[in-house]
Every structure is written in C-alpha cells, then in structure tokens.
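Report on one structure; see the data block that follows.
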Amino acid sequence: MDSNREIRVPSGQTVGLVILAVIVGALLPVAAIFQLELAVTLPVLMLGGVYAVFLHARAGWVPAGALIASALASAAWLLGFEPMLMLAAAAVLPALVVMRGVAQRQPFFRQLRQGLVAFVLGLLAAMLVAYATFGGSMISRFMDVVRQIIGRIPDASLQAMLDALRGALPEGAEMAETLTVENYRGMMMGALDMLEQFYAQMLPGALFSGALFSGALAVLWGNWTKARRGMATNDSFVGLSRWFLPANVAVGAIGLWLAGFILLNAGYGSGETVYATTNQIAGTAFYIQALAALDRRLIRGDRPLPRRRLAITLLVIASMLIRTVASVMTFVGLASALFGTRGAVKLWAQRRQGQDDHSDRDDPDR
C-alpha cells in the first residue's frame, strides 16, 4: 500500500517536516562525533533510523526520504564513503524494514520481531563494512574511523564548535583565550586515545543493546503515530502498557548475564568485555519491561496520556544521562519479569499448582 495515498497532511506541515528532516539528517554525523567525545554510548545514528520511521508514519515518504538523503549525504561529506555505507546498513535499511511492516499494518509483535532482527543484522553488516575497509581489531578500526572523521572536519566547523565552547566557559578563563582550532583538534584526538580502553569494554554491548532498543522504539513509535491518526488496527498497534517480556526470554536474559558474570570472575582474557556486552543486552530487555510496568501503573493511577508520555520520555532521557537511573530501572524490570502476574516465577508456580493463568490482566508488578 502506498502510504502517501492514505496519509493526507497539510502541505505546510509537510514542508516543515521536510525542513526539519534535512536539518536533523545533516547533524546526525556531528551528533555522533560529540557523543563519542563525551563517552556516551547512545547509538545516535541508529536513532536517526527510528526518526525516519516516525516521519514516514506521520507524513509519508517525502520527509522520511529527505531525512535519509540528508543523513547519507552529510555522512559521505564529513566521514567518507565507507562510513556512509555503515550508516546505511545500521540505520537506513532496518528503518525501511520497519516502515514496510507499519505501512502494511502487520501484527504488532511480528513487526517487533522483524524490527529487532533488522537492526541487529544491520549492525552486523556495518561491522563487516568496517572490517573489510579498515582491518585490525574491531575497536581499533572503530577508533581509527573516528580519528579520520575528526581529521576531516573543516576548520570552519571546528571554529564554530570552539566558539560555542568558549561561550560556555567563564569569562577570562585561560582555555578560552589560548585555545586554537588546531589545539582543539588535538584535544579531541587525545580524548579518543583515553577513551579507546573504555570503548574496548563497553562498545560491543552498547551497539547491540542500542540496536535492540532502536528496533523496539521504531516499531512502537511508528505504529503509535499511525494509531493517533486512526490508521492502525487492534492487531497492528499494541501500546507499551501491554508489553510483557516472555518468561523464556526473561530466563534466557538472566542466563546470558550469568554466563558473562562467570567468565568475568573466571579470569577469562576478554571477560570484562563479554560481561559488559551480556550485561547491556540483558539490561535492555529488562529496561523495556520496566518502562511497560511503569506505564501500567500510571494507567491504574488514572494518569492522562500526555502525562504518561512525558513521564516515560523524561525517564528515558534521565537513564541516558545518569547511569544510576538506568540501573534502577533494569532491576525494576527484572523484578517485574520474574515476579509480575506474567512473570517467569509466577507462571512456574501456577504450572506447579495446575493453575496456569491465560488471562489478559494487567501486570501489578508486585
């Protein structure tokens, strides 16, 4: 089905969305550079694909295509051809898979499975492009790409960044007065050297967990946008409050985490990296479960949709910025997945008693 035929958006809104899409797409590579400098492992480029899904669901192919074209052109200009291919593999192609499912109104959880697989496979394809292009270990390849990116940033762009930094520093600060474009570029390179060990441990898990989170968010946001416009069905849109982590997935996530923990304490050579990876992948599953549990509680408290939406959004942002918030949410999701109404422990107890509950009641998470 041609989504543009079924979506009627005023031309003024379409023009506004196209302009915004071009700006966001052009800034995606810049945002990725800054997140690396700040040791933030949020997959900004993958979230660009998520935003493309929203634009497609909101107003069709025109703004979504503008975002994709702008992001790819900006990546090619700032980073080079190979990083552009990596962006296409990790964000654009998975987004197209999700767009297709949303436009066809496929059953929601089928879309979710397809979206998760697409984003993970897209990430693996991007890694293969990096391996074929740059050689060496994965982290060294990645950091070399970033160094090349920083080396290619035009002096004028760095000057704008430097002016913004000076504006944020107190007046009269020595750094503000003595820092030059070349010194600033050198500082960025030095920061990457310091961050390489950090990324060696954290990057694999951050990328895979980011791919899972991006896939889930793309499917939810795309179908929610359709539902708001009256273009979804009961099968194609399942609100966050109706998400439950299957018992076998919950047990598997715990087993994955335990395996990484055992390797860490067994003195395995790459134990820290393996543990960080398994911890982040399992944590992502439980984090999404926690968001769903919170949404159910807000519904039971008769909170209106705008307030629920704001609470979830602020919590996600806080989790990105404050590691403690993310950790607490992960443990909340773990407790919900194990001991909630549809939790693994409760289902196991019901089976033992011959009282397997197949109802659709909301999870009280008690």
Side-chain angles (χ1 to χ4, degrees), residues 18-52 55 63-96 122-123 125-136 138-168 179-196 199 203 206-207 210-211 214:
V18 168
I19 294 173
L20 181 60
V22 170
I23 294 173
V24 171
L27 292 178
L28 274 177
V30 178
I33 294 170
F34 272 110
Q35 74 155 21
L36 291 169
E37 286 295 314
L38 297 173
V40 178
T41 53
L42 172 69
V44 167
L45 295 180
M46 293 183 199
L47 291 182
V50 175
Y51 188 56
L55 288 174
L67 173 68
I68 292 171
S70 175
L72 292 177
S74 178
W77 182 65
L78 284 176
L79 319 181
F81 179 72
E82 293 82 5
M84 183 200 72
L85 289 181
M86 295 169 62
L87 169 62
V92 175
L93 294 179
L96 293 176
L123 173 62
M127 290 180 172
L128 288 175
V129 172
Y131 178 80
T133 303
F134 302 104
M138 186 184 82
I139 302 303
S140 296
R141 292 197 308 273
F142 183 80
M143 300 308 287
D144 286 343
V145 171
V146 179
R147 291 185 181 96
Q148 291 179 28
I149 291 169
I150 294 176
R152 293 173 181 170
I153 298 177
D155 288 347
S157 299
L158 276 181
Q159 185 64 55
M161 297 180 191
L162 182 56
D163 291 341
L165 176 62
R166 284 173 174 160
L179 196 59
T180 65
V181 169
E182 286 306 313
N183 290 340
Y184 186 45
R185 195 189 301 271
M187 289 175 59
M188 296 174 74
M189 293 291 192
L192 289 177
D193 294 337
M194 296 175 61
L195 288 172
E196 186 161 349
Y199 282 121
L203 188 60
L207 290 175
S214 299

*Going by heavy atoms in the side chains, are P154 and L78 under 4.5 Å from each other?*
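A side-chain contact under 4.5 Å exists here.
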
Closest contact, heavy atoms only, [X] versus [Y]:
X   : Y   : result
P29 : A71 : CG-O, 4.5 Å
P63 : L55 : O-CD1, 3.7 Å
M46 : A91 : CA-CB, 4.0 Å
A52 : I68 : CB-CG1, 4.4 Å
L67 : A21 : CD1-O, 3.3 Å
M84 : A76 : SD-CB, 3.7 Å

*Is a donor on one side and an acceptor on the other found under 3.5 Å between the side chain of S70 and the backbone of A66?*
no

With rounding to the nearest 0.5 Å, note down the distance linking [atom1] in [X] to [atom2] in [Y].
X    : Y    : atom1 : atom2 : answer
M189 : R185 : CE    : CZ    : 7.0 Å
F81  : L72  : CZ    : CG    : 10.5 Å
L207 : S214 : CG    : OG    : 10.0 Å

